[in-house]
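In what follows, a single structure is set out as C-alpha coordinates and then discussed.
We count ligands from 1, going down the list as the structure has it; atoms in each ligand are counted the same way.
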Amino acid sequence: MKTLPRVETARHFINGEFTDAAGGGSFPTLNPATNQPITSVAAGTVEDIDRAVRAARAAFDHGPWPRMAPAERARALLRIAEGIDARVEEIARLECLDTGIPCSQIRHGQIPRAAENFRFFAQMATTVPNETFPVEGSFLNYTIRVPAGVAGLITPWNTPFMLETWKVAPCLAAGCVCILKPAEWAPLSAHLLAQIIQEADLPPGVFNVVHGYGESAGAPLVAHPGVQLISFTGETTTGREIMRNGAATLKRYSMELGGKSPVIVFADADLERALDATIAGVFTLNGERCTANSRLLVDRRIADDFTHRLIDRVARLAVGDPMDPATEVGPLIHPEHWDRVTGYIDAGLAEGAHLATGGRRPAHIPQGNYLEPAVFTSVRNEMRIAQEEIFGPVLVAIPFTDEAEALRLANDVRYGLAAYLWTGDVSRAHRLAQALEAGMVWTNSQNVRDLRTPFGGMKQSGIGREGGYYSFEFYMEYKTIHVATGTHRIPKMGKGDAPRASDFRKLNNG
Ligand code: NAD
(Lines give C-alpha, C1' and ligand atoms only; values in the text may rest on other atoms or scores of the structure.)
Protein backbone atom coordinates (compact mmCIF):
# COMPACT_ATOMS: atom_id res chain seq x y z
CA MET A 1 0.00 0.00 0.00
CA LYS A 2 1.20 3.50 -0.82
CA THR A 3 0.97 6.58 1.37
CA LEU A 4 -2.12 8.66 0.65
CA PRO A 5 -1.29 11.72 -1.47
CA ARG A 6 -3.29 14.17 0.62
CA VAL A 7 -5.31 13.70 3.76
CA GLU A 8 -8.12 16.10 4.51
CA THR A 9 -8.43 17.94 7.81
CA ALA A 10 -10.31 16.00 10.48
CA ARG A 11 -13.18 18.26 11.58
CA HIS A 12 -15.83 17.80 14.20
CA PHE A 13 -19.10 16.19 13.12
CA ILE A 14 -21.99 17.82 14.97
CA ASN A 15 -25.71 17.59 14.20
CA GLY A 16 -25.05 15.88 10.87
CA GLU A 17 -22.50 18.40 9.59
CA PHE A 18 -18.73 18.73 9.53
CA THR A 19 -17.54 21.81 11.32
CA ASP A 20 -14.38 23.52 12.54
CA ALA A 21 -13.63 24.02 16.21
CA ALA A 22 -15.59 26.91 17.73
CA GLY A 23 -12.35 28.63 18.72
CA GLY A 24 -10.77 27.86 15.32
CA GLY A 25 -8.00 25.82 16.94
CA SER A 26 -6.32 22.78 15.42
CA PHE A 27 -3.40 20.47 16.06
CA PRO A 28 -1.33 18.20 13.81
CA THR A 29 -1.51 14.42 13.79
CA LEU A 30 1.84 12.75 13.09
CA ASN A 31 2.89 9.82 10.94
CA PRO A 32 4.63 7.49 13.45
CA ALA A 33 6.95 6.21 10.71
CA THR A 34 8.43 9.69 10.18
CA ASN A 35 6.94 11.98 12.82
CA GLN A 36 5.96 14.33 10.00
CA PRO A 37 2.48 15.91 10.24
CA ILE A 38 -0.15 14.10 8.16
CA THR A 39 -2.86 16.73 8.44
CA SER A 40 -4.53 18.96 11.00
CA VAL A 41 -7.32 18.10 13.40
CA ALA A 42 -9.98 20.36 14.97
CA ALA A 43 -9.04 21.09 18.58
CA GLY A 44 -12.28 20.72 20.52
CA THR A 45 -13.02 22.74 23.62
CA VAL A 46 -15.88 23.12 26.03
CA GLU A 47 -17.88 25.13 23.42
CA ASP A 48 -17.68 22.31 20.86
CA ILE A 49 -18.65 19.74 23.47
CA ASP A 50 -21.60 21.86 24.54
CA ARG A 51 -22.75 22.25 20.94
CA ALA A 52 -22.48 18.49 20.34
CA VAL A 53 -24.29 17.61 23.57
CA ARG A 54 -27.11 20.02 22.73
CA ALA A 55 -27.48 18.38 19.30
CA ALA A 56 -27.41 14.93 20.87
CA ARG A 57 -29.92 15.90 23.56
CA ALA A 58 -32.34 17.24 20.94
CA ALA A 59 -31.96 14.00 18.95
CA PHE A 60 -32.60 11.92 22.04
CA ASP A 61 -35.34 13.97 23.69
CA HIS A 62 -37.34 14.87 20.59
CA GLY A 63 -35.93 12.99 17.57
CA PRO A 64 -37.06 9.75 15.96
CA TRP A 65 -34.00 7.59 16.77
CA PRO A 66 -34.82 6.36 20.31
CA ARG A 67 -38.48 5.92 19.34
CA MET A 68 -37.86 3.93 16.18
CA ALA A 69 -38.56 0.20 15.96
CA PRO A 70 -35.29 -1.66 16.60
CA ALA A 71 -35.56 -3.27 13.15
CA GLU A 72 -35.59 0.16 11.54
CA ARG A 73 -32.51 1.23 13.51
CA ALA A 74 -30.92 -2.06 12.50
CA ARG A 75 -31.36 -1.18 8.83
CA ALA A 76 -29.46 2.07 9.38
CA LEU A 77 -26.66 0.19 11.16
CA LEU A 78 -26.43 -2.25 8.26
CA ARG A 79 -25.96 0.71 5.90
CA ILE A 80 -23.01 1.77 8.07
CA ALA A 81 -21.55 -1.75 7.86
CA GLU A 82 -21.88 -1.61 4.08
CA GLY A 83 -20.21 1.80 4.05
CA ILE A 84 -17.26 0.32 5.94
CA ASP A 85 -17.08 -2.65 3.56
CA ALA A 86 -16.98 -0.27 0.60
CA ARG A 87 -14.06 1.69 2.07
CA VAL A 88 -11.95 -1.03 3.71
CA GLU A 89 -8.80 -0.18 1.76
CA GLU A 90 -9.11 3.55 2.40
CA ILE A 91 -9.76 3.12 6.13
CA ALA A 92 -6.92 0.61 6.48
CA ARG A 93 -4.44 2.91 4.70
CA LEU A 94 -5.42 5.92 6.75
CA GLU A 95 -5.36 4.02 10.04
CA CYS A 96 -1.97 2.51 9.17
CA LEU A 97 -0.63 5.97 8.33
CA ASP A 98 -2.00 7.45 11.55
CA THR A 99 -1.12 4.64 14.02
CA GLY A 100 1.87 2.76 12.59
CA ILE A 101 0.07 -0.56 13.11
CA PRO A 102 1.01 -2.92 10.23
CA CYS A 103 -1.50 -2.54 7.41
CA SER A 104 -1.98 -6.29 7.05
CA GLN A 105 -3.26 -6.52 10.64
CA ILE A 106 -5.59 -3.56 10.17
CA ARG A 107 -6.82 -4.54 6.72
CA HIS A 108 -7.59 -8.15 7.57
CA GLY A 109 -8.29 -7.88 11.32
CA GLN A 110 -9.51 -4.55 12.62
CA ILE A 111 -11.60 -3.16 9.78
CA PRO A 112 -13.65 -6.27 8.95
CA ARG A 113 -14.28 -6.59 12.68
CA ALA A 114 -15.52 -2.99 12.75
CA ALA A 115 -18.13 -3.74 10.06
CA GLU A 116 -19.01 -6.91 11.96
CA ASN A 117 -19.66 -4.84 15.10
CA PHE A 118 -22.42 -2.95 13.28
CA ARG A 119 -23.92 -6.10 11.76
CA PHE A 120 -23.82 -7.98 15.04
CA PHE A 121 -25.42 -5.27 17.20
CA ALA A 122 -28.01 -4.47 14.49
CA GLN A 123 -29.17 -8.08 14.70
CA MET A 124 -28.93 -8.20 18.48
CA ALA A 125 -31.05 -5.05 18.90
CA THR A 126 -34.00 -6.83 17.36
CA THR A 127 -33.79 -9.70 19.83
CA VAL A 128 -33.46 -7.97 23.22
CA PRO A 129 -35.32 -10.22 25.66
CA ASN A 130 -37.72 -8.90 28.28
CA GLU A 131 -39.27 -10.71 31.21
CA THR A 132 -42.78 -11.16 32.58
CA PHE A 133 -43.67 -11.94 36.21
CA PRO A 134 -47.30 -12.97 36.68
CA VAL A 135 -48.14 -12.42 40.38
CA GLU A 136 -50.73 -14.61 42.11
CA GLY A 137 -53.26 -14.17 39.38
CA SER A 138 -53.96 -10.55 40.32
CA PHE A 139 -50.98 -8.67 38.89
CA LEU A 140 -48.77 -8.78 35.87
CA ASN A 141 -45.29 -7.33 36.24
CA TYR A 142 -43.09 -7.04 33.19
CA THR A 143 -39.88 -5.37 32.14
CA ILE A 144 -39.10 -3.34 29.09
CA ARG A 145 -35.76 -1.83 28.19
CA VAL A 146 -35.45 1.70 26.98
CA PRO A 147 -32.42 3.54 25.62
CA ALA A 148 -30.49 5.12 28.49
CA GLY A 149 -29.74 8.50 26.92
CA VAL A 150 -26.81 10.53 25.65
CA ALA A 151 -23.49 8.71 25.78
CA GLY A 152 -19.95 10.09 25.75
CA LEU A 153 -17.65 7.57 24.07
CA ILE A 154 -13.96 8.15 24.78
CA THR A 155 -11.48 5.98 22.93
CA PRO A 156 -7.72 5.27 22.81
CA TRP A 157 -5.32 5.33 19.88
CA ASN A 158 -4.20 1.71 19.66
CA THR A 159 -6.95 0.28 17.43
CA PRO A 160 -9.01 3.42 16.99
CA PHE A 161 -11.47 2.49 14.25
CA MET A 162 -12.34 -0.93 15.66
CA LEU A 163 -12.69 0.34 19.24
CA GLU A 164 -14.82 3.28 18.16
CA THR A 165 -17.23 0.98 16.34
CA TRP A 166 -17.18 -1.39 19.33
CA LYS A 167 -18.81 1.44 21.31
CA VAL A 168 -20.81 3.29 18.63
CA ALA A 169 -22.56 0.17 17.27
CA PRO A 170 -24.20 -1.08 20.52
CA CYS A 171 -24.85 2.50 21.63
CA LEU A 172 -26.83 3.32 18.49
CA ALA A 173 -28.42 -0.14 18.29
CA ALA A 174 -29.78 0.38 21.81
CA GLY A 175 -31.40 3.65 20.69
CA CYS A 176 -28.95 5.92 22.48
CA VAL A 177 -27.20 8.84 20.82
CA CYS A 178 -23.55 9.73 21.26
CA ILE A 179 -20.64 12.11 21.21
CA LEU A 180 -17.45 10.29 20.25
CA LYS A 181 -14.16 11.79 21.49
CA PRO A 182 -11.40 9.97 19.60
CA ALA A 183 -7.81 9.79 20.83
CA GLU A 184 -5.75 12.82 19.83
CA TRP A 185 -2.82 10.70 18.61
CA ALA A 186 -4.91 8.76 16.06
CA PRO A 187 -8.02 10.74 15.11
CA LEU A 188 -8.17 10.24 11.35
CA SER A 189 -10.23 7.09 10.97
CA ALA A 190 -12.92 8.62 13.21
CA HIS A 191 -13.27 11.26 10.52
CA LEU A 192 -13.92 8.51 7.97
CA LEU A 193 -16.40 6.89 10.33
CA ALA A 194 -18.28 10.20 10.50
CA GLN A 195 -18.34 10.37 6.69
CA ILE A 196 -19.67 6.82 6.48
CA ILE A 197 -22.34 7.53 9.07
CA GLN A 198 -23.30 10.74 7.29
CA GLU A 199 -23.77 8.74 4.09
CA ALA A 200 -25.89 6.19 6.00
CA ASP A 201 -28.37 9.02 6.60
CA LEU A 202 -29.04 8.81 10.33
CA PRO A 203 -31.12 11.61 11.88
CA PRO A 204 -28.98 14.65 12.78
CA GLY A 205 -27.47 14.67 16.27
CA VAL A 206 -27.59 10.89 16.71
CA PHE A 207 -23.86 10.50 16.09
CA ASN A 208 -21.42 13.32 16.80
CA VAL A 209 -17.64 13.53 16.90
CA VAL A 210 -15.62 16.12 18.79
CA HIS A 211 -11.87 15.84 18.34
CA GLY A 212 -9.33 17.16 20.79
CA TYR A 213 -7.11 16.53 23.76
CA GLY A 214 -8.25 14.66 26.85
CA GLU A 215 -8.12 17.67 29.17
CA SER A 216 -9.79 20.18 26.83
CA ALA A 217 -12.37 17.98 25.00
CA GLY A 218 -12.63 14.74 27.01
CA ALA A 219 -12.97 16.34 30.44
CA PRO A 220 -15.85 18.71 29.52
CA LEU A 221 -17.68 15.78 27.92
CA VAL A 222 -17.41 13.81 31.15
CA ALA A 223 -18.51 16.79 33.26
CA HIS A 224 -21.44 17.81 31.03
CA PRO A 225 -24.79 17.48 32.81
CA GLY A 226 -26.51 16.57 29.53
CA VAL A 227 -24.52 13.32 29.25
CA GLN A 228 -25.69 10.28 31.23
CA LEU A 229 -23.28 7.56 30.16
CA ILE A 230 -19.53 7.42 29.68
CA SER A 231 -17.99 4.44 27.94
CA PHE A 232 -14.25 4.84 28.28
CA THR A 233 -11.35 2.76 27.01
CA GLY A 234 -7.89 3.85 28.02
CA GLU A 235 -5.41 3.95 30.83
CA THR A 236 -6.38 3.06 34.37
CA THR A 237 -5.13 6.43 35.67
CA THR A 238 -7.32 8.28 33.14
CA GLY A 239 -10.27 6.12 34.18
CA ARG A 240 -9.85 7.24 37.77
CA GLU A 241 -9.69 10.89 36.73
CA ILE A 242 -12.85 10.48 34.64
CA MET A 243 -14.75 8.92 37.53
CA ARG A 244 -13.80 11.84 39.75
CA ASN A 245 -14.85 14.40 37.10
CA GLY A 246 -18.17 12.73 36.44
CA ALA A 247 -19.11 12.29 40.10
CA ALA A 248 -20.93 15.62 40.40
CA THR A 249 -23.30 14.67 37.58
CA LEU A 250 -23.51 10.98 38.63
CA LYS A 251 -22.53 9.28 35.38
CA ARG A 252 -22.98 5.60 34.55
CA TYR A 253 -19.60 4.21 33.53
CA SER A 254 -18.22 1.41 31.47
CA MET A 255 -14.45 1.30 32.00
CA GLU A 256 -12.15 -0.78 29.80
CA LEU A 257 -8.71 -0.10 31.21
CA GLY A 258 -5.15 -1.35 31.18
CA GLY A 259 -3.70 -4.83 31.54
CA LYS A 260 -0.60 -6.85 32.35
CA SER A 261 -1.85 -10.23 31.29
CA PRO A 262 0.04 -13.48 31.86
CA VAL A 263 0.49 -16.35 29.44
CA ILE A 264 1.20 -19.51 31.46
CA VAL A 265 2.95 -22.32 29.60
CA PHE A 266 3.17 -25.78 31.21
CA ALA A 267 5.63 -28.45 30.09
CA ASP A 268 2.75 -30.69 28.97
CA ALA A 269 1.40 -28.12 26.47
CA ASP A 270 1.65 -28.20 22.70
CA LEU A 271 4.76 -26.04 22.89
CA GLU A 272 4.93 -25.09 19.23
CA ARG A 273 1.41 -23.66 19.32
CA ALA A 274 2.08 -22.06 22.70
CA LEU A 275 5.15 -20.36 21.22
CA ASP A 276 3.27 -19.08 18.17
CA ALA A 277 0.48 -17.73 20.37
CA THR A 278 2.84 -16.12 22.88
CA ILE A 279 4.66 -14.21 20.15
CA ALA A 280 1.51 -13.15 18.29
CA GLY A 281 -0.24 -12.25 21.54
CA VAL A 282 2.25 -9.60 22.52
CA PHE A 283 3.91 -8.43 19.30
CA THR A 284 0.88 -7.90 17.04
CA LEU A 285 -0.46 -4.33 17.08
CA ASN A 286 3.16 -3.34 17.86
CA GLY A 287 2.58 -4.57 21.41
CA GLU A 288 0.09 -1.71 21.88
CA ARG A 289 -2.66 -4.08 22.86
CA CYS A 290 -4.73 -4.03 26.05
CA THR A 291 -5.03 -7.82 26.19
CA ALA A 292 -1.36 -8.41 25.29
CA ASN A 293 0.19 -11.40 27.06
CA SER A 294 3.09 -9.28 28.22
CA ARG A 295 4.18 -11.64 31.06
CA LEU A 296 5.35 -15.12 30.09
CA LEU A 297 5.19 -17.54 33.03
CA VAL A 298 6.94 -20.67 31.88
CA ASP A 299 7.35 -24.10 33.49
CA ARG A 300 10.92 -24.32 34.84
CA ARG A 301 11.37 -27.78 33.25
CA ILE A 302 11.12 -26.30 29.75
CA ALA A 303 11.97 -22.66 30.47
CA ASP A 304 15.47 -22.62 28.95
CA ASP A 305 14.50 -24.29 25.72
CA PHE A 306 11.20 -22.39 25.34
CA THR A 307 12.68 -18.95 26.00
CA HIS A 308 15.66 -19.69 23.77
CA ARG A 309 13.35 -20.52 20.86
CA LEU A 310 11.20 -17.50 21.70
CA ILE A 311 14.14 -15.10 21.70
CA ASP A 312 15.35 -16.49 18.39
CA ARG A 313 11.95 -15.93 16.76
CA VAL A 314 11.46 -12.45 18.28
CA ALA A 315 14.88 -11.35 17.03
CA ARG A 316 13.72 -12.27 13.52
CA LEU A 317 10.41 -10.35 13.56
CA ALA A 318 10.15 -8.08 10.52
CA VAL A 319 10.28 -4.51 11.83
CA GLY A 320 9.65 -1.80 9.29
CA ASP A 321 7.30 0.34 7.24
CA PRO A 322 3.78 -0.46 8.43
CA MET A 323 2.48 0.01 4.87
CA ASP A 324 4.61 -2.94 3.71
CA PRO A 325 2.45 -6.09 3.80
CA ALA A 326 5.47 -8.10 4.99
CA THR A 327 5.97 -5.95 8.10
CA GLU A 328 5.18 -7.64 11.41
CA VAL A 329 6.01 -4.78 13.80
CA GLY A 330 5.68 -1.10 12.88
CA PRO A 331 6.64 2.11 14.70
CA LEU A 332 5.14 3.08 18.06
CA ILE A 333 2.39 5.67 17.97
CA HIS A 334 4.23 8.80 19.11
CA PRO A 335 7.70 9.98 20.20
CA GLU A 336 6.36 10.45 23.76
CA HIS A 337 5.22 6.85 23.80
CA TRP A 338 8.59 5.71 22.41
CA ASP A 339 10.22 7.53 25.35
CA ARG A 340 7.85 5.85 27.77
CA VAL A 341 8.46 2.34 26.41
CA THR A 342 12.24 2.77 26.23
CA GLY A 343 12.05 4.20 29.77
CA TYR A 344 10.79 0.76 30.79
CA ILE A 345 13.68 -0.89 28.95
CA ASP A 346 16.05 1.26 31.03
CA ALA A 347 14.07 0.49 34.21
CA GLY A 348 14.32 -3.26 33.55
CA LEU A 349 18.06 -3.04 33.08
CA ALA A 350 18.44 -0.87 36.19
CA GLU A 351 16.47 -3.44 38.21
CA GLY A 352 18.83 -6.20 37.08
CA ALA A 353 16.77 -7.98 34.41
CA HIS A 354 18.56 -9.36 31.36
CA LEU A 355 17.61 -7.85 28.00
CA ALA A 356 17.85 -10.99 25.87
CA THR A 357 16.90 -9.31 22.59
CA GLY A 358 15.71 -5.98 21.18
CA GLY A 359 14.77 -2.88 23.12
CA ARG A 360 16.77 -0.52 20.88
CA ARG A 361 16.07 1.56 17.80
CA PRO A 362 16.73 -0.67 14.76
CA ALA A 363 20.00 0.40 13.17
CA HIS A 364 18.51 0.47 9.66
CA ILE A 365 15.63 2.88 10.55
CA PRO A 366 17.01 6.13 11.95
CA GLN A 367 13.71 8.05 11.91
CA GLY A 368 10.23 7.46 13.31
CA ASN A 369 9.25 5.64 16.50
CA TYR A 370 10.67 2.21 15.69
CA LEU A 371 11.76 -0.15 18.42
CA GLU A 372 13.15 -3.66 18.15
CA PRO A 373 10.79 -6.11 19.90
CA ALA A 374 12.25 -6.92 23.30
CA VAL A 375 12.38 -9.93 25.61
CA PHE A 376 13.61 -9.71 29.20
CA THR A 377 14.75 -12.77 31.15
CA SER A 378 16.04 -12.98 34.77
CA VAL A 379 12.91 -11.08 35.76
CA ARG A 380 11.37 -11.05 39.22
CA ASN A 381 7.64 -10.49 39.44
CA GLU A 382 8.02 -7.46 41.70
CA MET A 383 10.05 -5.54 39.11
CA ARG A 384 8.31 -2.61 37.43
CA ILE A 385 8.62 -4.28 34.00
CA ALA A 386 6.60 -7.22 35.40
CA GLN A 387 4.02 -5.12 37.23
CA GLU A 388 3.31 -2.06 35.09
CA GLU A 389 1.66 -1.89 31.69
CA ILE A 390 4.34 -1.00 29.12
CA PHE A 391 1.97 -1.03 26.11
CA GLY A 392 4.75 -1.75 23.65
CA PRO A 393 6.64 -4.71 22.12
CA VAL A 394 8.18 -5.89 25.37
CA LEU A 395 7.77 -9.37 26.90
CA VAL A 396 9.10 -10.44 30.29
CA ALA A 397 9.76 -14.13 31.00
CA ILE A 398 9.54 -15.62 34.50
CA PRO A 399 9.93 -19.34 35.28
CA PHE A 400 7.69 -21.17 37.77
CA THR A 401 8.15 -24.47 39.59
CA ASP A 402 4.61 -25.75 40.05
CA GLU A 403 0.98 -24.88 39.44
CA ALA A 404 0.61 -23.08 42.76
CA GLU A 405 3.53 -20.79 41.99
CA ALA A 406 2.23 -20.13 38.47
CA LEU A 407 -1.12 -19.07 39.89
CA ARG A 408 0.44 -16.90 42.57
CA LEU A 409 2.66 -15.09 40.04
CA ALA A 410 -0.21 -14.70 37.56
CA ASN A 411 -2.49 -13.06 40.13
CA ASP A 412 0.21 -11.00 41.83
CA VAL A 413 -0.46 -7.87 39.77
CA ARG A 414 -2.97 -5.05 40.12
CA TYR A 415 -4.55 -5.70 36.71
CA GLY A 416 -7.00 -8.47 35.77
CA LEU A 417 -7.96 -8.12 32.12
CA ALA A 418 -6.92 -11.35 30.37
CA ALA A 419 -4.96 -14.54 30.97
CA TYR A 420 -3.75 -17.25 28.60
CA LEU A 421 -3.12 -20.83 29.61
CA TRP A 422 -1.31 -23.61 27.76
CA THR A 423 -1.48 -27.14 29.15
CA GLY A 424 -2.37 -30.66 28.05
CA ASP A 425 -4.07 -31.42 31.38
CA VAL A 426 -7.76 -30.67 31.04
CA SER A 427 -8.46 -30.69 34.79
CA ARG A 428 -5.64 -28.26 35.46
CA ALA A 429 -6.86 -26.05 32.63
CA HIS A 430 -10.29 -25.68 34.24
CA ARG A 431 -8.90 -25.43 37.77
CA LEU A 432 -6.56 -22.60 36.85
CA ALA A 433 -9.00 -20.81 34.57
CA GLN A 434 -11.40 -20.59 37.52
CA ALA A 435 -8.70 -19.38 39.93
CA LEU A 436 -7.08 -16.77 37.68
CA GLU A 437 -8.05 -13.19 38.49
CA ALA A 438 -8.90 -12.12 34.96
CA GLY A 439 -12.08 -11.09 33.16
CA MET A 440 -11.20 -13.34 30.23
CA VAL A 441 -9.15 -16.55 30.10
CA TRP A 442 -8.06 -18.25 26.90
CA THR A 443 -7.05 -21.91 27.25
CA ASN A 444 -4.89 -23.45 24.51
CA SER A 445 -6.08 -20.61 22.33
CA GLN A 446 -4.96 -17.28 21.08
CA ASN A 447 -7.13 -14.22 21.63
CA VAL A 448 -10.17 -15.13 19.54
CA ARG A 449 -13.43 -13.75 20.87
CA ASP A 450 -17.05 -14.16 19.87
CA LEU A 451 -18.95 -10.87 19.96
CA ARG A 452 -21.65 -12.39 22.18
CA THR A 453 -19.31 -12.92 25.12
CA PRO A 454 -18.72 -10.35 27.88
CA PHE A 455 -15.52 -8.35 27.38
CA GLY A 456 -13.87 -6.57 30.29
CA GLY A 457 -11.54 -6.81 33.22
CA MET A 458 -11.33 -7.37 36.96
CA LYS A 459 -9.33 -5.40 39.52
CA GLN A 460 -7.74 -2.26 38.04
CA SER A 461 -8.52 -3.38 34.47
CA GLY A 462 -12.04 -2.10 34.40
CA ILE A 463 -15.59 -1.83 35.57
CA GLY A 464 -18.46 -3.56 33.81
CA ARG A 465 -18.60 -5.64 30.67
CA GLU A 466 -19.48 -4.92 27.06
CA GLY A 467 -20.25 -7.35 24.25
CA GLY A 468 -23.48 -9.08 23.30
CA TYR A 469 -26.38 -8.33 25.64
CA TYR A 470 -23.86 -7.07 28.21
CA SER A 471 -23.48 -3.94 26.07
CA PHE A 472 -27.22 -3.41 26.28
CA GLU A 473 -27.08 -3.69 30.08
CA PHE A 474 -24.99 -0.54 29.84
CA TYR A 475 -26.75 1.36 27.07
CA MET A 476 -30.30 0.59 28.19
CA GLU A 477 -32.43 1.18 31.26
CA TYR A 478 -34.75 -1.44 32.64
CA LYS A 479 -38.26 -0.28 33.31
CA THR A 480 -40.56 -2.52 35.30
CA ILE A 481 -44.26 -2.11 34.69
CA HIS A 482 -46.74 -3.35 37.28
CA VAL A 483 -50.33 -3.87 36.19
CA ALA A 484 -53.24 -5.01 38.35
CA THR A 485 -55.30 -7.57 36.51
CA GLY A 486 -58.04 -7.64 39.21
CA THR A 487 -59.37 -5.43 41.97
CA HIS A 488 -57.00 -6.14 44.87
CA ARG A 489 -57.78 -4.43 48.16
CA ILE A 490 -56.10 -1.05 48.75
CA PRO A 491 -55.70 0.28 52.34
CA LYS A 492 -58.48 2.76 53.07
CA MET A 493 -56.48 5.30 55.02
CA GLY A 494 -58.31 8.33 56.43
CA LYS A 495 -61.66 6.57 56.29
CA GLY A 496 -61.60 5.22 59.85
CA ASP A 497 -61.26 1.73 58.45
CA ALA A 498 -59.00 -0.42 60.66
CA PRO A 499 -55.97 -1.58 58.65
CA ARG A 500 -55.64 -5.29 57.96
CA ALA A 501 -52.34 -7.13 58.08
CA SER A 502 -52.85 -8.25 54.48
CA ASP A 503 -53.03 -4.62 53.35
CA PHE A 504 -49.31 -4.23 53.90
CA ARG A 505 -47.98 -7.66 53.08
CA LYS A 506 -47.00 -7.00 49.49
CA LEU A 507 -46.62 -3.25 49.63
CA ASN A 508 -43.36 -1.96 48.23
CA ASN A 509 -41.13 -1.35 51.22
CA GLY A 510 -38.78 0.92 49.30
P1 NAD B 1 -5.46 7.39 27.60
O2 NAD B 1 -6.13 7.04 28.88
O3 NAD B 1 -4.28 8.28 27.63
O4 NAD B 1 -6.49 8.11 26.61
C5 NAD B 1 -7.69 7.49 26.21
C6 NAD B 1 -8.68 8.57 25.82
O7 NAD B 1 -9.01 9.33 26.98
C8 NAD B 1 -8.17 9.57 24.80
O9 NAD B 1 -9.21 9.87 23.89
C10 NAD B 1 -7.83 10.78 25.64
O11 NAD B 1 -7.90 12.00 24.94
C12 NAD B 1 -8.91 10.70 26.68
N13 NAD B 1 -8.62 11.43 27.93
C14 NAD B 1 -7.43 11.66 28.52
N15 NAD B 1 -7.60 12.35 29.66
C16 NAD B 1 -8.92 12.56 29.80
C17 NAD B 1 -9.72 13.21 30.78
N18 NAD B 1 -9.19 13.80 31.85
N19 NAD B 1 -11.06 13.22 30.61
C20 NAD B 1 -11.62 12.62 29.55
N21 NAD B 1 -10.92 12.01 28.58
C22 NAD B 1 -9.58 11.97 28.70
O23 NAD B 1 -5.14 6.00 26.90
P24 NAD B 1 -4.32 5.76 25.55
O25 NAD B 1 -2.89 6.06 25.83
O26 NAD B 1 -5.02 6.47 24.44
O27 NAD B 1 -4.54 4.20 25.33
C28 NAD B 1 -3.75 3.22 25.93
C29 NAD B 1 -4.45 2.61 27.11
O30 NAD B 1 -5.73 2.10 26.72
C31 NAD B 1 -3.71 1.42 27.70
O32 NAD B 1 -3.71 1.50 29.10
C33 NAD B 1 -4.53 0.22 27.23
O34 NAD B 1 -4.44 -0.93 28.03
C35 NAD B 1 -5.90 0.80 27.26
N36 NAD B 1 -6.80 0.00 26.43
C37 NAD B 1 -7.71 -0.80 27.06
C38 NAD B 1 -8.55 -1.59 26.32
C39 NAD B 1 -9.57 -2.47 26.99
O40 NAD B 1 -10.52 -2.85 26.34
N41 NAD B 1 -9.43 -2.80 28.27
C42 NAD B 1 -8.47 -1.58 24.92
C43 NAD B 1 -7.52 -0.76 24.31
C44 NAD B 1 -6.69 0.03 25.08
Side-chain angles (χ1 to χ4, degrees), residues 27 29 41 43-46 49 98-99 101 110 113 152-167 179-187 189-190 209-224 227 230-247 251 253-261 282 284-294 332-334 336-341 344 388-392 413-418 438-440 447 449 453-467 470-471:
F27 61 93
T29 180
V41 183
T45 58
V46 66
I49 290 291
D98 208 19
T99 63
I101 305 288
Q110 308 296 315
R113 182 70 162 204
L153 311 178
I154 304 178
T155 48
W157 45 259
N158 62 323
T159 52
F161 194 78
M162 197 286 289
L163 281 175
E164 287 153 11
T165 62
W166 167 245
K167 293 186 190 301
I179 299 100
L180 169 67
K181 208 302 279 170
E184 56 269 40
W185 283 354
S189 55
V209 180
V210 175
H211 292 283
Y213 293 104
E215 310 77 54
S216 38
L221 178 60
V222 171
H224 203 294
V227 175
I230 295 289
S231 177
F232 169 73
T233 299
E235 282 195 26
T236 299
T237 47
T238 315
R240 281 196 207 110
E241 170 77 10
I242 286 176
M243 290 190 76
R244 272 193 296 273
N245 289 345
K251 296 290 190 288
Y253 294 111
S254 171
M255 292 272 160
E256 299 189 343
L257 308 175
K260 190 74 180 176
S261 303
V282 62
T284 47
L285 305 181
N286 301 341
E288 297 162 332
R289 174 181 209 131
C290 58
T291 51
N293 48 248
S294 50
L332 296 179
I333 183 82
H334 195 272
E336 274 176 39
H337 190 56
W338 192 92
D339 288 345
R340 178 182 154 153
V341 175
Y344 276 107
E388 297 177 19
E389 184 183 44
I390 298 174
F391 217 58
V413 68
R414 70 190 172 115
Y415 294 108
L417 188 58
M440 297 163 288
N447 182 333
R449 198 180 69 81
T453 60
F455 180 96
M458 294 180 176
K459 294 157 80 174
Q460 303 276 303
S461 286
I463 299 175
R465 297 289 182 274
E466 293 198 44
Y470 303 89
S471 294

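- Contact detail for Tyr213 and Lys181: the closest heavy-atom pair is C-NZ, 4.2 Å.
- In this structure, atom 1 (P) of ligand 1 is in close contact with the protein, since a protein heavy atom lies within 4.0 Å of it.
- For atom 30 (O) of ligand 1, the candidate residues are Ala183, Pro160, Gly234; the nearest heavy-atom contact is made by Gly234.
- Of the N or O atoms in Thr238, one or more lie within a sub-3.5 Å distance of an N or O in ligand 1.
- A donor-acceptor pair is defined here as one N or O able to donate and one able to accept, closer than 3.5 Å; such a pair exists between the side chain of Arg465 and the backbone of Gly457.
- Shown in contact with Phe232 at under 4.0 Å from a heavy atom are these atoms of ligand 1, numbered in order with element: 2 (O), 5 (C), 6 (C), 7 (O).
- In this structure, Ile333 CD1 and Phe391 CZ are separated by 9.5 Å, a value rounded to the nearest 0.5 Å.
- Residue, atom and distance of the protein heavy atom nearest to atom 36 (N) of ligand 1 are Cys290 CB, 3.5 Å.
- In this structure, atom 10 (C) of ligand 1 lies nearest to the protein heavy atom Glu184 OE1, 3.4 Å.
- Applying the 4.0 Å criterion to heavy atoms of Lys181 picks out, from ligand 1, the atoms 8 (C), 9 (O), 10 (C), 11 (O).
- Residue Glu241 places no N or O, backbone or side chain, under 3.5 Å from any N or O of ligand 1.
- The nearest non-hydrogen atom to atom 44 (C) of ligand 1, considering only Leu221, Leu153, Asn158, comes from Asn158.
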- Dump the intermediate steps for side-chain contact (heavy atoms from CB on, under 4.5 Å) on Ile101 and Thr159, then the final yes or no. CA-CA 8 Å; Ile101 305 288; Thr159 52; 5.7 Å; no

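- Scanning the protein heavy atoms around atom 12 (C) of ligand 1, the nearest turns out to be Ile154 CG2, 3.6 Å.
- Taking distance alone, with nitrogen or oxygen atoms compared against 3.5 Å, Ser461 stays at or beyond that limit from ligand 1.
- Neither the backbone nor the side chain of Arg289 has a heavy atom within less than 4.0 Å of ligand 1.
- Checking only distances, Thr236 never comes within under 3.5 Å of ligand 1, N or O to N or O.
- In terms of protein heavy-atom proximity, atom 41 (N) of ligand 1 is closest to Leu257 O, 2.7 Å.
- No more than 12 heavy-atom neighbours from other residues, nucleotides or ligands sit within 6.0 angstrom of OH on Tyr470.
- Near Trp157, with a cut-off below 4.0 Å to any heavy atom, the atoms of ligand 1 are 24 (P), 25 (O), 26 (O), 27 (O).
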